[in-house]
Amino acid sequence: MVGPVVQVLVLGLVTAASPAEDAGIGAEADVACLECHRDPGAEDTLSKSLHTDVACKDCHADLWCDGQGRTDEPRPFEHRRDCAARGAEQCTECHYQKPTQTLESVHHALVADGKLEVAACTDCHGAHDMGKADERSRISKACARCHEKVAAVYAKSVHGSALLEEGNPDVPTCTDCHWAHDTVDPTMGAWRLNSPEVCGGCHTNERMMKKYGLSTAVLSSYLSDFHGATTVLQKSESVERPVVALCSDCHGVHDITKVDDPNSRVIQGNLVKTCRKCHPDATDNFPGAWLSHYEPTLEKAPLVWAVRWLYKILIPFMIGSLLLQIVLHVWRVVVNR
Amino acid sequence: MSDDSFVRFSLRQRFEHIAMMLLFTILSLTGFPQKYFESGWARTVVDALGGVGSVRMIHRAAGVLFSVLLVTHLMLALAVLVRRRNVSLTMVPTRKDFTDAIVTLKYYLGRAKAHARFDRFDYRQKFEYWGLIFGSILMVVTGIVLLFPVILSRWMPGQVIPASKVAHSNEGLMAFLVVIVWHIYNAHLNPDVFPFDTSIFTGKISRERMEKEHPLELERAEGRSEDEEPGGGG
């Protein structure tokens, strides 16, 4: 529905006239436009959108015609996609922050490189039917227009199926992980190194995780392991790729399943294959080195738990005793003098 | 240094101590940022050393050298033990060390009239030495597990790897604290030797100190006791 409206209106505007003086805002001026630019339901669409207070010329200022459809000015763009792609310039008239953020995005970089088919403001928000940003299933459908394969995989995942089939508000959609406006290339080292915190944003939230019976210790248990520690230390370097496993390397990224799904990559039976992606010589004992996001306890990892407790007792005892002996010696020396 | 200088440490022992100092420092400097990776200072150190990959390489290289030092030391000690039968090993703890410790504590508390009288190595020095030996063996063994986790997990349960990490990390911390607190006190801050006990570097100790700190050894050296000649110590 969005497509044809946009295309018809933009097509019409390509032949528009020169910018005129401010002919007044509001319904009057809009009615004038709509006399020519008529599309069934166009008025309806506009009045139902969030931009009910915005007039045609507020966005289409460059293309304001003289009522006769004539213009003396050259068109400021070459074709309709060019107009849409550079639409952010119009949006910044009222919206400063988010369009400015898009200037840092991978999408904008591609547009600047000449790939005009890449996402611009109106591709996600709509041109005349813009709704609120939190109609979340609309987001993944918008991204799916270009990123079809990934969206199809996502739709089958535990997150995607909950969003699209149940309208579950707790699961992430594309923009929750990839960010909406300053979307970066997700294969970049810096972004990937930050991904545990992205996952952790929801997976350490007590209230949310309680609903699904999921542990909130997943981030801390990852960070206290070798992989997590390396990730933290690598953040200050500018690395091309992280050298160690991140959440997505084991759990998948768009194809995340529940951990007890028989095809899950992380259930005990499958885990060694996942480890072998980086450790090709791993044998069946090797996955035992990963404490499976559990804090070591007497039941879950008795050896680790015992060693921890040994040192919790030994170190204070040792240092305390030695300090005591020092204090006593110094005291004796002072007393003797 | 007074004229009567006794030889206390051989050249080999002096070299071992310097090598140990150097390696211990490098291992601590590259080990602690890995243990406390979330703190700001850890990131600073890691960046200064060229990133986490570099820090690991340095730590492992120093660890290998440390292992060589340890193994050589133990082999040489074993060789002495095997070759010289009538040896009284001056570093081995005896019952006397326990009684000495009690007497010393009593003395500190004012319940004994005099300090205990020590032989070549007093109970504190033996404690440091054996702590170092056992601690080093633990660090080397757990270090090897952490260096070859894939290979070693063929023959042992995977849980040994994170257990080794905890042991390695905490034993290293304990060793560091013992050196800072106990060893620095004994070698520098102890009023008997302040500011600096140089004997481990020069290899020599004055007669005056021998009288105070190792009177039993002095008696034997000067022929005033009936004990046998001691053999190589630690």
Side-chain angles (χ1 to χ4, degrees), chain A residues 223-226 228-239 243-244 272 275-276 278-291 296 300-312 314-315 318-319 321-337, chain B residues 33-38 42-47 50-56 101 104-105 107-110 115 124 127 131 142 145-146 149-171 173-174 177-178 180-183 185-186 189-192:
Chain A
L223 290 176
S224 55
D225 181 72
F226 176 79
T230 308
T231 307
V232 171
L233 287 173
Q234 265 204 299
K235 274 193 201 165
S236 32
E237 307 165 44
S238 52
V239 281
V243 296
V244 293
V272 67
C275 298
R276 283 194 185 134
C278 298
H279 303 283
D281 299 326
T283 56
D284 285 327
N285 280 342
F286 185 68
W290 165 238
L291 301 181
K300 283 289 175 195
L303 188 59
V304 182
W305 178 86
V307 173
R308 265 202 193 174
W309 267 101
L310 173 71
Y311 283 105
K312 274 195 203 176
L314 183 60
I315 294 180
M318 176 77 77
I319 304 302
S321 315
L322 295 175
L323 273 173
L324 185 65
Q325 185 156 79
I326 292 176
V327 164
L328 287 174
H329 183 213
V330 171
W331 186 61
R332 173 51 41 196
V333 167
V334 164
V335 163
N336 279 354
R337 284 198 187 154
Chain B
Q34 296 186 58
K35 183 175 168 58
Y36 297 111
F37 59 92
E38 280 173 314
R43 309 257 201 108
T44 312
V45 173
V46 169
D47 287 343
V52 62
S54 177
V55 169
R56 290 218 166 101
T104 308
L105 279 172
Y107 171 71
Y108 290 163
L109 293 167
H115 220 295
R124 287 166 298 210
F127 171 81
T142 52
V145 171
L146 293 170
V150 180
I151 299 173
L152 291 175
S153 61
R154 261 191 238 164
W155 303 300
M156 48 184 209
Q159 206 194 147
V160 173
I161 297 167
S164 299
K165 178 162 167 284
V166 175
H168 190 88
S169 172
N170 283 308
E171 182 71 31
L173 174 65
M174 191 167 79
L177 290 173
V178 170
I180 298 257
V181 169
W182 187 237
H183 184 65
Y185 174 75
N186 282 323
L189 304 175
N190 186 331
D192 298 334

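Labels below follow one simple rule: chain letters A, B, ... track the order of the sequence lines, proteins then strands, and each chain is numbered from 1. None of these values were measured; they are calculated from a predicted model.
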Contact origin within [X] toward chain A - heavy atom pairs under 4.5 Å:
X	value
B:D192	side chain
B:D47	side chain
B:V46	side chain
B:Y107	both
B:L105	side chain

Checklist entry - Does B:S169 use its side chain to pair, donor to acceptor, with the backbone of B:V166 at less than 3.5 Å? => result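 No, B:S169 side chain to B:V166 backbone: no donor-acceptor pair under 3.5 Å.
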Item to check | Closest-packed option against chain B by number of heavy-atom pairs under 4.5 Å, given A:G228, A:P302, A:P287, A:S224 | outcome: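 Highest number of heavy-atom pairs under 4.5 Å: A:P302.
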Checklist entry - With respect to chain B, which residue among A:N285, A:L328, A:L310 yields the maximal number of heavy-atom pairs within a distance under 4.5 Å? => result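 Among the listed options, the one with the most contacts to chain B is A:N285.
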Checklist entry - Are a donor atom and an acceptor atom from the side chains of A:T230 and B:R56 found within less than 3.5 Å of each other? => result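 The answer is yes; a qualifying pair exists.
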Next on the checklist: Would you call the rings of A:W305 and A:W309 parallel, tilted or perpendicular, taking 30° and 60° as the class edges?
Outcome noted: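 Because their plane-to-plane angle lies in the 30° to 60° range, the rings of A:W305 and A:W309 count as tilted.
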Next on the checklist: Out of B:I161, B:N186, B:V150, return the one with the most heavy atom pairs under 4.5 angstrom to chain A.
Outcome noted: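 Among the listed options, the one with the most contacts to chain A is B:V150.
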Checklist entry - Is it the side chain or the backbone of A:H329 that comes within 4.5 Å of chain B heavy atoms, both, or neither? => result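 Contact with chain B is through both the backbone and side chain of A:H329.
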